[in-house]
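Following: one structure in structure tokens, then a few remarks.
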There are 2 protein chains.
Amino acid sequence: MSYQIELRHIKYFLAVAKDLHFRRAAERLFISQPGLSRQIKQMEDDLGVVLFERHNRKVILTKAGAYLRDELTLNLKNLEHTFYHAKLLNNGKKGGLRLGYVGSAMQDIIPNLLLTFRKEHPDVIFNLKEMDNHKQIEDLLSYDLDIGFVRLDRVPKELEIKPILKEPFCLVLPYSHSLNKESFKSLNQLKEAPFILFDPKYSTSYFEKVMQIFDDSGFSPIVSHNTIHASSIYKLVEHHFGVSIVPKSLVDHNNTKVKFIELSHIKQRTTLSMVWNTQNRNPVLKGVFDFILGVSR
Amino acid sequence: MSYQIELRHIKYFLAVAKDLHFRRAAERLFISQPGLSRQIKQMEDDLGVVLFERHNRKVILTKAGAYLRDELTLNLKNLEHTFYHAKLLNNGKKGGLRLGYVGSAMQDIIPNLLLTFRKEHPDVIFNLKEMDNHKQIEDLLSYDLDIGFVRLDRVPKELEIKPILKEPFCLVLPYSHSLNKESFKSLNQLKEAPFILFDPKYSTSYFEKVMQIFDDSGFSPIVSHNTIHASSIYKLVEHHFGVSIVPKSLVDHNNTKVKFIELSHIKQRTTLSMVWNTQNRNPVLKGVFDFILGVSR
DNA sequence: CTATTTGATAACTCATAGTTATTATTTATT
DNA sequence: AATAAATAATAACTATGAGTTATCAAATAG
């Protein structure tokens, strides 16, 4: 109870902490510089803590100030989420959910999952966003995302990860390619072909898994192109820039320019996993991933 | 950024949510009832959320209101902790730590641990409190405690638990008792003796472990008294109310009125564990239990 | 049917957030 | 060295709105 510090002080403090410049911070806040200075001063007095060292044309955060910058940023974000959810609850909704997913999950996994879910829980608002693996991790850590769907094996310890789908790989060949389901026996037959693969930075663990396939086949592929979209892979394959390997769920049945051969005899599987922040207090989160884990089991 | 809701609103809201009575809440806040009513109204308008249903002489929380009560309570507590730690940082301290422990850990474990720690980290402020197992769990969950030392095997999933000391049990007998280290072979020899034991509500898992000892010895003890303090056990034993079993660390070497026989041949061990809340953001917490786990290993 | 308990409304006041004008100090620029 | 520019703090003013008192409306209890 103790303090008469208000959210205003906290917001002002964070603004100054951000660009370490009173006048510019004041501008961004649409108030005058002296007004801002006084509020900061007041916060320092109330708290009994010096927040900034003001000297020689530069302002820097004290140790306590830096600590407060980090903690209060989080706290404020938390508040906003709380208010957002309260609003949804007020409107008879159960809550909102921000979902991220790698493009390769949108082909058919995510849509099916969500359709089923929405039928049972029409009162949860979804916000869907395609993002790469690392952006998802980042946003999960900063509480800007509730659930991510990634192709990663490991995530930072603040996050929890649960595999929801293991799938085999498929070979992608130009439609006119000499190999077909019957004549294809081993990857060795493609020893000389250039390969078009997902960019390693898309997911190192995914990339390493693909490389293991080549290792097991006893050769290193000639990698001619890296991309991050399945559709560009197919375009390149179609125009004979090379051949490729993709997760089975990315198979595009409508594409008549390329053909797919499932590598079911190969032991490697790629895993689509669900990730979330264990500290996330989103009220619908628990129910939702209970559901998803139930469906995917 | 959006809202012009202030901490004042939140504090007022929580006050009303607490006793569901505007006039009484206003009194507790030392403001007038109309003032409070207006602030709550304003919060509802700003938020676009109805917080209370006011009718027939009673005020009740809406769904959204109840959600906000829970979340905002936490959030406010969080803020207070943050300010508290900032103050410590400002004074050149690294932080503060609130420790709880069951009495039976104070005999020699906790003091030694803390003395060693204080030598290396004089800049951490301690706050020590003897509490029973369940009170510690409760306070850890509500963020009123940073680390607990308990004799429990399991804790709620929000908490993490790490055993730091396993120790055998000791028999406690009056000094003049006919049994001694040499003549004692088995608990069976005390089949007819009344036992003075720790109250089961002190810790069911501790109690069950003691009961297992009797099970393994093939008899059920006659339990004559329950207490929660080792010293009262010793007093009762001294005056021939019965005999007892206690963890080895509770042995009081200065007590000449009773004698202790270590039950090292018995497989049961009692475990003193450290517990903390994984969500606790106390900045010194991590360093501290790294230290404690290091020492106790 | 009166008395009492409740929260909302209305009108007032005073504390203070935010304003403009200015100063002190340090650092570029000539 | 002298001047100009940049910065945050200080001082004095103003106007918004938090908190006040007085009152009302509704709903119960005796």
Side-chain angles (χ1 to χ4, degrees), chain A residues 1-62 64-66 68-69 72 76 90, chain B residues 1-62 64-66 68-69 72 76 90:
Chain A
M1 293 293 135
S2 36
Y3 299 106
Q4 55 231 27
I5 286 185
E6 291 292 350
L7 288 179
R8 172 177 15 95
H9 294 103
I10 295 178
K11 288 172 186 170
Y12 288 2
F13 162 66
L14 289 178
V16 178
K18 205 166 181 182
D19 46 19
L20 295 173
H21 197 290
F22 278 75
R23 189 177 47 73
R24 253 177 287 148
E27 259 167 42
R28 278 206 303 132
L29 293 166
F30 301 106
I31 61 167
S32 66
Q33 172 265 313
L36 178 58
S37 280
R38 199 142 67 85
Q39 291 295 305
I40 297 290
K41 183 81 193 330
Q42 188 176 313
M43 181 167 171
E44 290 182 318
D45 289 350
D46 277 9
L47 224 49
V49 168
V50 183
L51 300 170
F52 299 101
E53 291 175 24
R54 295 97 156 151
H55 43 97
N56 331 348
R57 296 216 159 185
K58 74 166 182 270
V59 171
I60 59 173
L61 280 160
T62 60
L68 281 172
R69 189 224 310 116
L72 294 179
L76 211 60
N90 188 64
Chain B
M1 292 297 134
S2 35
Y3 300 106
Q4 54 232 27
I5 285 185
E6 291 292 349
L7 288 179
R8 173 179 13 97
H9 294 101
I10 296 178
K11 288 171 185 171
Y12 289 1
F13 162 67
L14 290 178
V16 178
K18 206 166 181 181
D19 46 20
L20 296 173
H21 197 289
F22 279 74
R23 190 177 46 73
R24 254 177 287 147
E27 258 167 42
R28 278 206 303 131
L29 292 166
F30 300 107
I31 62 168
S32 66
Q33 173 265 314
L36 178 58
S37 280
R38 199 143 65 86
Q39 291 295 303
I40 297 291
K41 184 82 193 329
Q42 188 175 313
M43 181 167 170
E44 289 182 319
D45 289 350
D46 277 8
L47 224 50
V49 169
V50 183
L51 300 170
F52 300 102
E53 290 174 24
R54 295 98 155 149
H55 44 97
N56 331 348
R57 296 215 158 187
K58 74 166 182 270
V59 172
I60 60 173
L61 279 160
T62 61
L68 281 172
R69 187 227 305 120
L72 294 179
L76 211 60
N90 188 63

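Please read these numbers as outputs of a predicted model, since none were measured by experiment.
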Protein and nucleotides 14-16 of chain C: nitrogen or oxygen contacts under 3.5 angstrom:
none

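- Atom-to-atom, NZ of B/Lys58 to P of D/dA29 comes out at 11 Å; the value is rounded to the nearest Å.
- The interatomic distance linking B/Leu7 (CG) with D/dA18 (P) rounds to 14 Å, in whole Å.
- With sequence neighbours excluded, the residues forming a salt bridge (Lys or Arg N to Asp or Glu O under 4.0 Å) with A/Arg8 are B/Glu6, listed by chain and number.
- Residue contacts shown for B/Phe52 are absent, as no nucleic acid heavy atom lies under 4.0 Å away.
- Contact check for A/Ile31 versus A/Gln39: no side-chain heavy atoms found under the 4.5 Å cut-off.
- Partners of A/Phe13 according to the ring pair (Phe, Tyr, Trp, His ring centres under 6.0 Å) rule, which considers only residues two or more places apart in sequence or in another chain, are A/Phe52.
- Out of C/dT20, D/dG19, C/dA10, the shortest distance to the side chain of B/Pro34 is found at C/dA10.
- Closest approach of B/Ala64 and A/Asn90 over heavy atoms only: CB-N, 4.0 Å.
- Between the P atom of D/dA18 and the CD1 atom of B/Ile40 lies a distance of 13 Å, rounded to the nearest Å.
- Within the 4.5 Å cutoff, the side chain of B/Arg54 has heavy atoms near those of the B/Phe22 side chain.
- Residues B/Val16 and B/Leu51 fail the side-chain proximity criterion, which asks for heavy atoms closer than 4.5 Å.
- Rounded to a whole Å, the CG atom of B/Leu36 is 14 Å from the P atom of C/dT6.
- Remark: C1' of D/dA8 and CG of A/Leu51 are 15 Å apart, rounded to the nearest angstrom.
- OP1 or OP2 of D/dT20 has at least one side-chain nitrogen or oxygen of B/Ser32 nearer than 4.0 Å.
- Between B/Leu76 and B/Leu7, the closest side-chain pair of non-hydrogen atoms falls below 4.5 Å.
- Taking the salt bridge (Lys or Arg N to Asp or Glu O under 4.0 Å) definition, one finds that A/Glu53 meets it with nothing, sequence neighbours left out.
- Scanning residues 17-27 of chain A for heavy-atom distances under 4.0 Å to DNA chain C yields an empty list.
- Residue pairs meeting the salt bridge (charged side-chain N to carboxylate O under 4.0 Å, His left out) criterion with at least one member in residues 29-38 of chain B, sequence neighbours excluded, do not occur.
- Note: CD (B/Gln33) to C1' (D/dA22) measures 12 Å, nearest angstrom.
- C/dG7 atom P lies 14 Å from atom CD of B/Glu53, rounded to whole Å.
- Here the P atom of nucleotide D/dC24 and the CZ atom of B/Arg54 are 22 Å apart, to the nearest Å.
- OP1 and OP2 of D/dA8 both lie 4.0 Å or more from every side-chain N or O belonging to A/Ser37.
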